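Have a look at the structure below, then the notes.
Counting begins at 1 with the first residue of the sequence. Treat the numbers as computed from the prediction; the structure is a model and nothing was measured.
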Amino acid sequence: TLSKSAGQEGAMADGSSGGMNEGPPTQFLAAEILAAEPSLSENQRTPVTVYCVRITAVGHEAWNIYRRYSSFHRLYVKLLTAFPRRTLPCIPPKRFFGNEDPGFIEQRRQGLEEWLNALLQHTPVEVSLSPEVCSFLEVPEPLRLTFLETDARVNVRMAVPDAAPRELEAEPCPGDTCGVEW
């Protein structure tokens, strides 16, 4: 559930009433992975799984995007580079064998949905409304800037990341929950 602006009726994402003194929304975007479908591109001999992701933005119509796991993983690596001092949620692990198993695909779909929504609920919104996340979700730049202006707690991040870029494959999360599965 997306947060609503102060003074609007309804419950906030945190379960509060959304009263007048509670300030701007804490979550502007939400995602739901509606389906995971096999797809065969011209260059591939075996099908790959494509996820249909429904994006909902406060005060706007929802839209769908289509992404492979590798696109989610690239976003994760970009975020590790752009926000090296932030604790980010772990992406579901890569798996080299058994990717076509329906049970695994459903488990990964659920994990990717949870991961994406954890990113979108991340505070400060500097991460959830970052150019990296919004480009991945195909959020129009004027809408992203409107959300940033609405949230008084964040300074609009310029092109300079909060630390110098570094080479990353993908850092494992504590307990190696983001490692590779065989």
Just how far is it from atom CD of E100 to atom OG1 of T49, taken to the nearest 0.5 Å?
7.5 Å
Hey, could you give me the CG/CG distance between L119 and L29, rounded to the nearest 0.5 Å?
11.0 Å
Could you check whether any side-chain heavy atom of S128 comes within less than 4.5 Å of a side-chain heavy atom of V133, counting everything from C-beta outward?
no
State which residues pass side chain to side chain donor-acceptor pair (under 3.5 Å) with R67; sequence neighbours excluded, sorted by chain then number.
E138
Without hydrogens or angle criteria, can the side chains of R74 and S71 be said to hold a donor-acceptor pair below 3.5 Å?
yes
Quick check against the 3.5 Å criterion: does W63 have a side-chain atom that pairs as donor or acceptor with the backbone of L137?
yes
Within 6.0 angstrom of E141 CD, more than 12 heavy atoms from elsewhere
yes
Does a side-chain heavy-atom distance below 4.5 Å link T150 with F28?
yes
How far apart are the closest heavy atoms of A35 and E37, and which atoms are they?
CB-OE2, 3.8 Å
Would you say the side chain of L79 lies within less than 4.5 Å of the side chain of F136, judging by non-hydrogen atoms?
no
Taking it one step at a time, do F83 and E132 satisfy side-chain contact (heavy atoms from CB on, under 4.5 Å)?
CA-CA 11 Å; F83 301 100; E132 295 84 0; 4.1 Å; yes
For the ring pair Y51 and Y69, is the centre-to-centre distance below 6.0 Å?
no
In Å, rounded to the nearest 0.5 Å, how long is the span from CG of L120 to CD1 of I55?
7.0 Å
Provide the closest heavy-atom pair for S39 versus V50 in the form atom of the first, atom of the second, distance.
CB-CG2, 3.5 Å
Looking at every heavy atom in both N117 and A31, which two are closest together, and how far apart are they?
ND2-O, 2.5 Å
Hydrophobic cluster identity match, F104 and V48, side-chain contacts under 4.5 Å
no
V53: which of L116, L34, L112, N64 passes side chain to side chain contact (heavy atoms under 4.5 Å, CB included):
L116
Report the distance from atom OG of S130 to atom CG of L75, rounding to the nearest 0.5 Å.
7.0 Å
Please state whether the rings of F147 and H60 are parallel, tilted or perpendicular, taking 30° and 60° as the class boundaries.
perpendicular
Taking the side chain as every heavy atom from C-beta outward, state whether R144 and P131 have any pair of such atoms under 4.5 Å apart.
yes
For the backbone of E32 and the side chain of R54, can you confirm whether one donor and one acceptor N or O come within less than 3.5 Å of each other?
no
Residue pairs passing the salt bridge (Lys or Arg N to Asp or Glu O under 4.0 Å) test with at least one member in residues 108-121, sequence neighbours excluded, are E106-R109, R109-E113
Close side-chain approach of W115 and P92, heavy atoms under 4.5 Å:
yes
Path from Y66 to F72 over hydrophobic side-chain contacts below 4.5 Å
no
